[in-house]
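Quick notes on the structure that follows.
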Number of protein chains: 2
Amino acid sequence: MNSSQLILQAALAHFARDGYEGASLKNIADDCGIRKPSIYAHYSSKDDLFLQALRSVFQRQEEQILQYFEENRHAPLEERLKGFLNSRQQEYQRDDEARFFLRVSFFPPRTLYEEVMDMVYPFLDAQELRLSSLLAAGCPVHGRIIRRPRQAASAFLTLMDGIHVEILYGGEARSAKRIEQAFPVYWAGVTSKGK
Amino acid sequence: MNSSQLILQAALAHFARDGYEGASLKNIADDCGIRKPSIYAHYSSKDDLFLQALRSVFQRQEEQILQYFEENRHAPLEERLKGFLNSRQQEYQRDDEARFFLRVSFFPPRTLYEEVMDMVYPFLDAQELRLSSLLAAGCPVHGRIIRRPRQAASAFLTLMDGIHVEILYGGEARSAKRIEQAFPVYWAGVTSKGK
DNA sequence: ACCTACCTAACGATCGTTAGGAAGTATCTT
DNA sequence: AAGATACTTCCTAACGATCGTTAGGTAGGT
């Protein structure tokens with residue numbers, strides 16, 4: 001593999017595990033079998049390396065999400081929503097991207113706060129917008145069954161964050177279980193008749 | 001205020017904002033108006049300072065939770081659950097404890113992983129147990145209305161974690177709004193008739 | 001001839017930590 | 001009551017280690 005890519009991948013793992021301040025270029029270089037200053041042939045600084053890792057992660061996540069909704073365009077809404085949770089959970093499981101993504105979103109390095117948030121907020125906004133219109137449009141087959149789309153969207157994001165937390169804590173098995181238990185409650189909640 | 005307490009409080013703020021690796025004893029000392037080595041008159045190491053801060057936070061959180069359930073022993077279940085979310089959200093807003101608590105739970109410093117998790121897991125287990133028995137017992141006035149207590153407990157924890165995330169992201173106003181939007185969905189979900 | 005990708009050596013800064021001492025306060029002895 | 005003793009709490013100075021980064025050089029490919 002390309003050396004730049006190798007460094008980026010190693011950096012991702014270290015940033016995910018130790019955070020920006022805790023990760024050291026020395027250790028990253030060691031993982032790549034090169035010396036510390038050699039990193040500077042590919043990246044101009046630690047900040048640069050971090051931000052490029054960040055960019056690639058956000059881009060991949062965005063692409064994956066769009067792809068999911070494209071592929072499942074015609075599925076029933078309930079299935080599409082639950083499948084989305086499952087696909088997110090599986091993607092996050094694949095490598096260090098989840099920890100990196102969540103860690104950076106929750107606790108960005110203070111010196112790079114603005115740069116990070118300029119990526120995080122649009123990502124979250126796009127996600128909320130996508131979800132809102134999805135729930136407002138309802139299911140193409142069964143018609144509109146969500147009475148309060150905005151409330152349902154907000155609740156779904158809350159549910160999703162709760163799943164994310166369990167991915168961090170408990171890993172694959174426990175977060176999968178959470179989806180199985182929490183999603184039916186959510187779905188019953190948003191489809192129940194009035195209050 | 002006592003010097004030890006002053007240091008502990010300053011340390012809490014710094015650990016919350018910059019993480020274990022990102023926080024420096026120099027800056028903590030500056031905030032207290034003393035020199036860096038003077039910290040060692042009160043704490044034997046950075047680890048020691050961190051772990052004592054951790055202990056005090058967990059202890060306070062535990063006390064507050066117990067106190068809430070004690071005071072609201074006779075309230076209706078719905079009110080008690082929603083009030084719990086609100087009280088947690090308010091407590092977390094008060095000072096740096098929330099950020100510290102959540103940051104440490106999600107991303108403990110690698111060198112102190114075991115010590116941290118020896119506090120985190122019992123805390124979470126106790127919370128889940130308390131909640132399970134609460135939901136299984138049902139409401140003292142209106143009788144048992146939760147059909148699947150374990151599922152409801154798991155979903156409630158997921159909901160709570162989702163609120164926590166929004167406290168980190170959006171602060172008081174947005175997390176309060178999340179409670180208003182997501183809790184009714186949860187409650188409708190766990191009280192709806194069958195599926 | 002230049003460029004890329006690596007190297008060694010070393011820079012200044014900062015990290016947590018220790019040594020050793022000064023001042024203040026409390027405790028014990030005479 | 002007075003003086004000696006010990007303990008607490010702060011200080012300055014400095015330690016070795018590690019941090020991100022730069023300078024300068026070398027080998028190989030274009």
Side-chain angles (χ1 to χ4, degrees), chain A residues 1-56 96 100 103-104 107-116, chain B residues 1-56 96 100 103-104 107-116:
Chain A
M1 191 196 295
N2 188 351
S3 235
S4 293
Q5 290 298 314
L6 204 88
I7 294 171
L8 201 77
Q9 185 145 332
L12 209 123
H14 282 263
F15 285 138
R17 201 185 51 203
D18 304 320
Y20 178 81
E21 293 91 354
S24 85
L25 296 182
K26 166 85 163 57
N27 291 333
I28 293 172
D30 283 353
D31 273 14
C32 302
I34 62 173
R35 303 289 178 174
K36 182 172 55 156
S38 303
I39 293 178
Y40 286 81
H42 305 271
Y43 301 94
S44 68
S45 65
K46 190 184 184 183
D47 286 9
D48 181 33
L49 177 56
F50 178 81
L51 289 173
Q52 294 214 34
L54 188 67
R55 233 182 307 275
S56 88
D96 303 297
F100 181 80
R103 177 164 207 156
V104 164
F107 307 106
R110 203 153 59 98
T111 56
L112 297 176
Y113 183 82
E114 286 194 4
E115 289 90 333
V116 170
Chain B
M1 192 196 293
N2 188 351
S3 235
S4 293
Q5 289 298 314
L6 204 89
I7 294 171
L8 201 79
Q9 186 144 332
L12 209 124
H14 282 263
F15 285 137
R17 200 184 53 202
D18 303 320
Y20 177 80
E21 293 91 354
S24 85
L25 296 181
K26 166 83 164 56
N27 292 333
I28 293 172
D30 283 354
D31 273 14
C32 302
I34 61 173
R35 304 289 178 175
K36 182 171 56 155
S38 303
I39 294 177
Y40 286 80
H42 304 272
Y43 301 94
S44 68
S45 67
K46 190 185 186 183
D47 286 10
D48 180 33
L49 177 56
F50 177 83
L51 289 174
Q52 293 214 32
L54 188 68
R55 233 183 305 277
S56 88
D96 303 297
F100 181 81
R103 177 162 208 159
V104 163
F107 306 108
R110 203 152 61 96
T111 55
L112 297 175
Y113 182 83
E114 287 195 3
E115 288 90 333
V116 170

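Letters go in sequence order (proteins before strands), and every chain restarts at 1.
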List the atom pairs, with distances to 0.1 Å, where a side-chain N or O of residues 16-30 of chain B and a protein N or O form a donor-acceptor pair under 3.5 Å, not counting sequence neighbours.
| from | atom 1 | to | atom 2 | distance (Å) |
| --- | --- | --- | --- | --- |
| Asp18(B) | OD1 | Arg110(A) | NE | 2.8 |
| Tyr20(B) | OH | Asp47(B) | OD1 | 2.2 |
| Ser24(B) | OG | Asn27(B) | N | 3.2 |
| Ser24(B) | OG | Asn27(B) | ND2 | 3.2 |
| Lys26(B) | NZ | Asp30(B) | OD2 | 2.9 |

Counting only pairs under 3.5 Å, give me each side-chain donor-acceptor contact of residues 31-42 of chain A, with atom names and distances, residues two or more places apart or in other chains.
| from | atom 1 | to | atom 2 | distance (Å) |
| --- | --- | --- | --- | --- |
| Asp31(A) | OD2 | His14(A) | NE2 | 2.8 |
| Ser38(A) | OG | Arg35(A) | O | 3.4 |
| His42(A) | ND1 | Ser4(A) | OG | 2.8 |

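Here the closest heavy-atom approach between residue Lys46(A) and residue Phe15(A) is recorded as CE-CE2, 4.1 Å.
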Where do N or O atoms of nucleotides 28-30 of chain D meet protein N or O atoms at under 3.5 Å, pair by pair?
none

Identify the pairs formed between an N or O of the protein and an N or O of nucleotides 19-23 of chain D at a distance under 3.5 Å, and give each distance.
| from | atom 1 | to | atom 2 | distance (Å) |
| --- | --- | --- | --- | --- |
| dC19(D) | OP1 | Ser24(A) | OG | 3.4 |
| dG20(D) | OP1 | Ala23(A) | O | 3.3 |
| dG20(D) | OP1 | Lys46(A) | NZ | 2.8 |
| dG20(D) | OP2 | Leu25(A) | N | 3.2 |
| dG20(D) | N7 | Lys36(A) | NZ | 2.9 |
| dT21(D) | OP2 | Tyr40(A) | OH | 2.5 |
| dT21(D) | OP2 | Lys46(A) | N | 2.7 |
| dT21(D) | O5' | Tyr40(A) | OH | 3.0 |

What are the atom names and distances for every N/O pair under 3.5 Å that joins the protein to nucleotides 20-25 of chain C?
none

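In this structure, the ring of Phe50(A) has its center less than 6.0 angstrom from the ring center of Phe100(A).
For Ser38(A), the listed nucleotide lying nearest its side chain is dC6(C); candidates were dC10(D), dC6(C), dC11(D).
Residues Tyr43(A) and Leu8(A) have side chains in contact (heavy-atom distance under 4.5 Å, counting atoms from C-beta outward).
Counting to the nearest Å, the P atom of dA5(C) and the CD1 atom of Ile7(A) are 10 Å from each other. In this structure, Tyr43(B) atom OH and dT8(D) atom P are separated by 15 Å, rounded to whole Å. In this structure, Gln5(B) places its CD atom 16 Å from C1' of dT9(D), rounding to the nearest Å. Protein atom CD1 of Ile39(A) is 11 Å distant from nucleotide atom P of dC6(C), rounded to whole Å.
dT30(D) makes up no base pair with any nucleotide shown, lacking Watson-Crick or G-U wobble contacts both under 3.5 Å. Figure legend. dA1(C) is base-paired to no nucleotide; pairs are counted as Watson-Crick or G-U wobble with both atom distances under 3.5 Å.
For the pair His42(A) and dT4(C), the criterion of a side-chain N or O lying under 4.0 Å from OP1 or OP2 is not met.
Annotation: Gln9(A), atom CD; neighbour count of heavy atoms from other residues, nucleotides and ligands within 6.0 Å does not exceed 12.
Separating the CG atom in Leu54(B) from the CG atom in Leu12(B) is a distance of 9.5 Å, to the nearest 0.5 Å.
Less than 4.0 Å separates DNA chain C from no heavy atom of any residue of residues 10-17 of chain A.
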